[in-house]
Amino acid sequence: MGAGITGLWQSLILAQNGYSVRLIERSPKPFAQASSIYAGAMLAPYCEAETALPVVKKLGIKSLELWRKHFPETVFNGSLVVAHDRDKGEIDRFARFTDGHRYVDRKEISNLEPDLSEQFQEALFYENEGHVDPEVALPRLLEAAEQAGVSAEFGVEDFAPPAASVTIDCRGLAAQDVLQTLRGVRGERAIIRISEIELARPVRLLHPRFPLYIVPWSENRFMVGATVIEREDAHPPSVRSTLELLSSAYALNPAFGEAEILDLSAGVRPAFEDNCPRIILDNQRIYVNGLYRHGFLMAPALATLVERYLTSGEKDSEIIVEDRSQW
Amino acid sequence: MLDKIEKDKSPRLDLYGHTFEHRLLLGTARYPSPDILRQAIENSGVDIITVSIRRESARNPSGQRFWDLIKNLNKTLLPNTAGCLTVKEAVTTAEMARELFDTNWIKLEVIANEDTLQPDLFGLVEAARILNENDFKVFPYTTEDLGAAEKLLKAGCQVLMPWGAPIGSGRGLNNVYALKSMRSYFPDVPLIVDAGIGAPSHAAQAMELGYDAILLNTAVSQSGDPVKMAAAFSDAVHAGREAYHAGIMEPRDMARPSTPVIGTPFFEIDNDK
């Protein structure tokens, strides 16, 4: 249930392992109600470890391999973390809280990203990270799942699971009707297009108050995101948020000032209180939820954990839990 | 020697007629997760937490699980008009906060400059006057300026919250002399150092100057281990307070041994013999 990033990976992995899979989605139009369509889709287990629990990094590194194997368009150019001179302390702080990086100087920054403003004296380079374009990846995953034998059904409001089947509930925030501790965390983003700037990899700009990232997508598009706001509604971004996002982009390269704004929108991500995903076993139903801002990073690894549990009963992971009423 | 302790008629923190054990106030923004926020608050034992409502306020607050989580911490809530740039914005935000959290306490921020986050003292006094007239209990985020402090008291504030350094800068007490002056100028007004604290030693230093409490957020929420850091600040605030009451020695202008050594016989004690 649920054809967002979690459900897509789940059905693909199960079908490839010989399961007969129906993928049920409430929205008539694919991805229209999926929070993953708002994602930046960075595959950055090392960077995310700044705030995420260690298990997120561990699963994320597994996911990198699964993306490499199943989605050849995945770009593995790493990621770059920069800060303005006066916020240099933020770089050292970020470096201290993460690993898998090395310091690069201005010369190497301009080798890696010639279009980045020359003002950055120092950056952190995370070589082993990747990114995808979610607007390409989501339809491609659906296609791959269907080719593997998944029957995908959209616009299904009511669903009674047949006997002797297992339901895997990947509904994201909609599962709040059952999962008491699941909360929504708002994220705002802009999609802009400009042909004069090329970036090979996601760039994170550290700032004490307005951290930002820019992810290069296909067709000269860039995703500028994304705030983390403890609020559950998905109404459009405010003027202030938009100014913060876009002026930070402008600071990365003033040429971004000439970009077209293609989209300004907000999504709400499902999260548990520790911002760490869980697989919750509840008899014939398994909940996979709480992927927070790590949907693309967590989904493949979670899908294989569920598959292994179904196939061999293996539940040797700290994120697999059984006391559904606690969640 | 004990006179000073006995003279201290208010061993507990008194804010607008409510008394508190704990002299550390913690903010609730930018923790790695709500779970870590809760552990940090619980581990530090603080009584009062601030909540910033400008951006995170909900148009429809019911069913917002983050707020439920904050409320379930069972602490005294001090809503904060964080980031407001005008008097009007600050007053509106305070009114929203009163409704949302069912309290007339408000930490009043009117920001002059979005970059440095300095308080706009003129706007602050004006907003404080309006809010006090409307039955709010105002905790103004101000500088160490004595003139502004007088005007805030005149506008009805019964607590003052001067900065140590700009918000989020972690630079500690930038103007110790001015903070000392403020303390001695307003001996009976509860004074809370708000903003700029980076290390527990900064918090201890402010308490050693005789400040009544410390309010901070970033130094805990952005540390490597907020749970541990919250406890460290709690200890530092306690240590600074105790030291203030115990009476700190005056610094001396030359090093001198604390025990006379001239003429003191030394014996080599060797228990093995």
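Since the structure is predicted, the reported quantities are computational estimates derived from the model, not experimental observations. Residue numbering restarts at 1 for every chain, and letters A, B, ... go by the order of the sequence lines.
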Please find the pair of heavy atoms, one from [X] and one from [Y], that lie closest to each other, and give the distance.
| X | Y | answer |
| --- | --- | --- |
| B/Pro32 | A/Asn275 | O-ND2, 2.8 Å |
| B/Pro34 | A/Glu273 | CD-O, 3.0 Å |
| A/Arg183 | B/Phe66 | NE-CD1, 4.4 Å |
| A/Arg240 | B/Leu85 | NH2-CD1, 3.9 Å |
| B/Arg65 | A/Leu182 | NH1-O, 2.8 Å |

Counting only heavy atoms from other residues, nucleotides and ligands, does the tally under 6.0 Å from [atom1] of [X] exceed 12?
| X | atom1 | answer |
| --- | --- | --- |
| A/Arg285 | CZ | yes |
| A/Arg93 | CZ | yes |
| A/Gln119 | CD | yes |
| A/Tyr103 | OH | yes |
| B/His238 | NE2 | no |
| A/Tyr250 | OH | no |
| B/Lys71 | NZ | yes |

(request) Side chain from CB out, backbone as N, CA, C, O: work out which of these in B/Gln39 comes under 4.5 Å of a heavy atom of chain A, or both, or neither. (result) neither
(message) Which atoms of A/Arg96 are under 4.5 Å from chain B, going by heavy atoms: the side chain, the backbone, both sets, or neither?
(response) neither
(message) Quick check for you: among B/Leu117, B/Ile167, B/Thr218, which has the greatest number of heavy-atom pairs under 4.5 Å with chain A?
(response) B/Leu117
(message) So, taking the atom named OG1 in A/Thr181 and the one named CG in B/Asp35, what distance separates them when rounded to the nearest 0.5 Å?
(response) 10.0 Å
